[in-house]
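A short write-up of the structure that comes next.
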2 protein chains.
Amino acid sequence: MKILPEKTVERLSQYRRTLYNCIDQGKERIYSHELALLLNITAVQVRRDIMFIGYNSYQRKGYDIKDLIGKISLIIDTQEPLNVAVIGYGNLGKAITTYFIGNRPKLNLVAAFDIDPKKIGSEVNKIKCYSIDRLREIIVNNDITIAILTVPTHSAREMAKILVQSGIKGILNFTTVNLNVAPNIYLEEYDMITSLEKVAYFVKHKPEEEE
Amino acid sequence: MKILPEKTVERLSQYRRTLYNCIDQGKERIYSHELALLLNITAVQVRRDIMFIGYNSYQRKGYDIKDLIGKISLIIDTQEPLNVAVIGYGNLGKAITTYFIGNRPKLNLVAAFDIDPKKIGSEVNKIKCYSIDRLREIIVNNDITIAILTVPTHSAREMAKILVQSGIKGILNFTTVNLNVAPNIYLEEYDMITSLEKVAYFVKHKPEEEE
DNA sequence: TAACATTTGTTATAAAAATAACAATAATTT
DNA sequence: AAATTATTGTTATTTTTATAACAAATGTTA
Ligand SMILES: NC(=O)c1ccc[n+]([C@@H]2O[C@H](COP(=O)([O-])OP(=O)(O)OC[C@H]3O[C@@H](n4cnc5c(N)ncnc54)[C@H](O)[C@@H]3O)[C@@H](O)[C@H]2O)c1
Ligand SMILES: NC(=O)c1ccc[n+]([C@@H]2O[C@H](COP(=O)([O-])OP(=O)(O)OC[C@H]3O[C@@H](n4cnc5c(N)ncnc54)[C@H](O)[C@@H]3O)[C@@H](O)[C@H]2O)c1
């Protein structure tokens, strides 16, 4: 299967979550425009994304929700779960750990790391915190490929380098510095301040234009 | 000034933060390719964004960092600070509050809201938590225009509706449901699970392609 | 059963974003 | 002082993403 557009991958993740909610509500089939409404996008967008993954409904009946979830999972999940580690077990690292557990079956949070002796050895929701000195060893032995980076801003760049050297393939960066990584490492910047400043800008500028 | 592209606004926020770091390190001027390297993007991208905001350096000398920060701030900040509220004062809401205070001078976090009587009246970093029943009153009286939404997923959509009815103009949505809002409300979905699933997908698919 | 309506799947078009190309300018070297 | 180099600012091009248009399928109504 050809590689999918980034934006489509994003939406597929959201479709799936939304579809699970629909199942919880006893729904079995869904039209493109219904799904679109739930995601605040257009029906064409939905159909185009579904075209990308090569799913077909029986025309005019909408999509079978379970089938569609299955197909999306086939595309965006890996066969074997991927192993994930949290780097920096502070406020945010712990909050994420609590939130994360059990949320995604194909993503296993397996370890946390910190530099602070007081944190090393501690556990949150069964996820143990190891010394950052053992990073490489544990990453390699447990086949960890994804890192959630929640260290303080000033050590983020250094840590990113070490992570990549240790064999990490993808980083979700919660710190508020942009990182430099080789192009074969997938990096997702997840920056709250930027998002908030963006909201502020468009709050100020958008209303004049539309409607 | 014409409205800027979304991606440019995002990057401007990041340029500014990065430039502040440069000042801390005693740097006074910076070349487009230096700034680009720090953000993991291209120099052309940097120059193009700077063109959008109409800033000019003396050619071949790079940009004066202080000047550039000033110009960016003029564009993306408001004259008067905008007032912000946190909706849902749980783990995440409180973590954000701690983190947020003092971080952005033109964004004032002024109140938090919760439905849980145990939380109402509590304070984190001087930010007081009010009953959700007083939402409208407090939003109007304090001219709050931006909401950070950190309530549980199941009440997110209802809360979004109430927020908009109360006069909120922008929402930063941390919950993992997509919201429906009128087109004159600026909504930024800030969804960790989606970001993580995206990382997982491209960890699986990207390396084969590039390099 | 003929006309109409609804919904999908796909191709065509438009809009947004990123990249490339390059002229202009100023500093440096020869 | 001519040639070379480095850097910006801008226009042109390409790529990516979103939207529009519409044919095909299938059900519904007259
Ligand atoms: N808290 C939030 O809501 C929030 C929001 C947005 C962004 N962030 C960003 O997330 C990061 C963490 O924030 P936080 O509030 O959890 O801070 P925190 O201080 O509570 O946690 C940071 C943890 O990292 C550990 N650490 C320091 N250096 C380390 C190293 N080299 N290797 C491993 N661990 C190390 C510290 O011991 C600490 O436990 C910061 O970069 C911050 O900018 C936080
Ligand atoms: N914790 C994380 O790291 C994390 C990460 C990503 C996303 N999220 C999302 O953020 C949201 C909050 O997560 P959390 O971990 O802070 O949960 P939490 O349960 O700790 O906090 C939720 C708070 O909202 C309050 N609340 C409930 N209904 C309300 C209402 N109608 N109005 C106002 N307040 C109300 C609750 O009393 C509670 O204090 C969830 O939607 C979750 O999906 C959390």
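Quick note on labels: first sequence line is chain A, next is B, and so on, each numbered from 1. Only a predicted model underlies this, so the values are computations on that prediction, with no experimental measurement involved.
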Over how many whole Å does the gap from [X] atom [atom1] to [N] atom [atom2] extend?
| X | N | atom1 | atom2 | answer |
| --- | --- | --- | --- | --- |
| A:Leu4 | D:dA18 | CG | P | 13 Å |
| A:His33 | D:dT19 | NE2 | C1' | 18 Å |
| B:Ile53 | D:dT8 | CD1 | C1' | 14 Å |
| B:Lys71 | D:dT8 | NZ | P | 18 Å |
| A:Phe52 | D:dA18 | CZ | C1' | 10 Å |
| B:Arg29 | D:dA6 | CZ | P | 18 Å |
| B:Leu35 | D:dG9 | CG | P | 13 Å |
| B:Glu6 | D:dT16 | CD | C1' | 15 Å |

Which of these nucleotides, D:dG9, D:dT17, D:dA18, is closest to any side-chain atom of B:Ser57?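 The listed nucleotide nearest to B:Ser57's side chain is D:dG9.
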
Would you mind checking if [Y] and [X] are paired as a salt bridge, meaning a charged N to carboxylate O distance below 4.0 Å?
| X | Y | value |
| --- | --- | --- |
| A:Lys106 | A:Glu80 | no |
| A:Asp191 | A:Lys198 | no |
| A:Asp64 | A:Lys71 | no |

Could you tell me whether the side chain of [X] and the main chain of [Y] form a donor-acceptor pair under 3.5 Å?
| X | Y | value |
| --- | --- | --- |
| B:Arg17 | A:Thr176 | yes |
| B:Tyr99 | A:Asn91 | no |
| B:Thr98 | B:Lys94 | yes |
| A:Glu189 | A:Leu179 | yes |

Nucleotides 23-30 of chain D: protein proximity per nucleotide (B base, S sugar-phosphate only, - neither; heavy atom, under 4.0 Å): -BBBB---

So, for B:Gln14 and A:Asn178, which heavy atoms are closest and what is the spacing to 0.1 Å?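 Scanning both residues completely, I find the closest heavy atoms to be OE1-ND2, 3.5 Å.
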
For chain A, the stretch of DNA chain C it reaches, first to last nucleotide, under 4.0 Å of its heavy atoms: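 The footprint of chain A covers C:dA5 to C:dA12.
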
Could you check A:Arg11 against A:Arg47 and say which one's nearest nucleotide on DNA chain D is further toward the 5' end?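 Result: A:Arg11.
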
Between A:Met51 and B:Pro5, which residue's closest nucleotide on DNA chain C lies nearer the 5′ terminus?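 In this pair, the answer is A:Met51.
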
Check for me whether the distance between the ring centres of A:Tyr31 and A:Tyr63 falls short of 6.0 Å.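 For A:Tyr31 and A:Tyr63, the ring centres are not under 6.0 Å apart.
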
Base, sugar-phosphate, or nothing: which does A:Ser32 touch, judged by heavy atoms less than 4.0 Å apart?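 Sugar-phosphate, no base atom in range.
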
Would you tell me if any nitrogen or oxygen in the side chain of [X] comes within less than 4.0 Å of OP1 or OP2 on [N]?
| X | N | result |
| --- | --- | --- |
| B:Asn56 | D:dT8 | no |
| A:Gln45 | D:dT17 | no |
| B:Tyr31 | D:dG9 | no |

For the residue pair B:Phe202 and A:Tyr186, does the interplanar ring angle fall in the parallel (under 30°), tilted (30 to 60°) or perpendicular (over 60°) class?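 Ring orientation, 0 to 90° scale: parallel.
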
